[in-house]
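Just so it is clear, the model here is predicted, and its values are computed rather than measured. Ligands are counted one by one from 1 in listed order, and the atoms in each one are counted from 1 as well. FYI, the numbering just counts along the sequence from 1.
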Amino acid sequence: TQSTRPQRILGAVQQNATRGDPRSVVRAIDQYCRSQEWAMNVGDEKGCILDSVVSEVNPSTVLELGTYCGYSTVRIASLLPPHAKLITLEFNPKFAVIARQVIAWAGLEDKIQLVEGSSGDLIPKLKEQFGVKAFDLVFLDHWKDRYLPDTKLIEECGLLRKGGVLLADNVICPGAPEYLEFVRSSPRYESQYFKSHLEYTKVEDGLEKSVFLG
Ligand SMILES: O=C(NCCCCc1cc2cnccc2s1)c1cc(-c2ccc(F)cc2)cc(O)c1O
Ligand SMILES: [Mg+2]
């Protein structure tokens, strides 16, 4: 029977990456998606910007919205300090099954908790169910029309600490115009745009980094 794109990405990891070596997992996915078939990973170019923001924030707790195959999950977790934790939310169970195997191949299961469901349902439960106090970094990479409502939900639930950072993928392509307008005009956020390209293409895209001022 026909394999799916996420299954083929997992195959590329299992064939070309070294177990327990997160950077080789990231490299294997990028090589596959650049040479064989495009996939919606944040990719190597925007990934370098992601790396620099993660290293600068040096977060203890990270929330990722949108796991897909676990590319950015592994990329972020590989940069976290020893006891830091990353919670990643994925809506599609078929993607979650693949992401768990990619995360396992990278040897990062202890740092990552993958939770299946929709952000609107799960965000209000994160404190009680997962004992989360507040996030130092939130990586938004899920439904683009949920970036703004979920940012407001995260604030309402007191899940973002003062000085905490929101980093949003795809603010140009596919685009998140309402979100951009909000974080760039709100006095409670200090925003910065990192111009880049849509993963594996020459199309313009970028990441928006927004520091929550409280
Ligand atoms: O849709 C994108 N990502 C979201 C899909 C995940 C849906 C979820 C909803 C949800 C709700 N709650 C919890 C977890 C989750 S996960 C996406 C799309 C493109 C793209 C596609 C075609 C194209 F021509 C140009 C760009 C590029 C990207 O980098 C993307 O990230
Ligand atoms: Mg994306």
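Without hydrogens or angle criteria, Y147 side chain to A168 main chain gives no donor-acceptor distance under 3.5 Å. Between the K209 side chain and the F194 main chain, no donor and acceptor come within less than 3.5 Å of each other. Side-chain atoms of K111 come within 3.5 Å of backbone N or O of P81 as a donor-acceptor pair. Between the side chain of R5 and the backbone N or O of W38 there is at least one donor-acceptor pair closer than 3.5 Å. With N41 contributing its side chain and G43 its backbone, the two residues share no donor-acceptor pair below 3.5 Å.
For residues 159-175, every residue pair satisfying the salt bridge (charged side-chain N to carboxylate O under 4.0 Å, His left out) rule, not counting sequence neighbours, is listed here: K46-D169, D136-R161.
Ordered by chain and residue number, the residues placing a heavy atom less than 4.0 Å from ligand 1 are W38, M40, G66, L89, E90, F91, G117, S118, S119, D141, H142, W143, K144, D169, N170, C173, P174, L198, E199.
A salt bridge links K144 with D141: the closest approach of a Lys/Arg side-chain nitrogen to an acidic carboxylate oxygen falls below 4.0 angstrom. Salt-bridge check for R100 with E90: failed, with every basic side-chain N at 4.0 Å or more from each acidic carboxylate O.
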Which donor-acceptor pairs under 3.5 Å do the side chains of residues 175-183 make with protein atoms, sequence neighbours left out?
none

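Only protein N, O or S atoms were scored, and 3 of them lie under 2.8 Å from the Mg ion (ligand 2).
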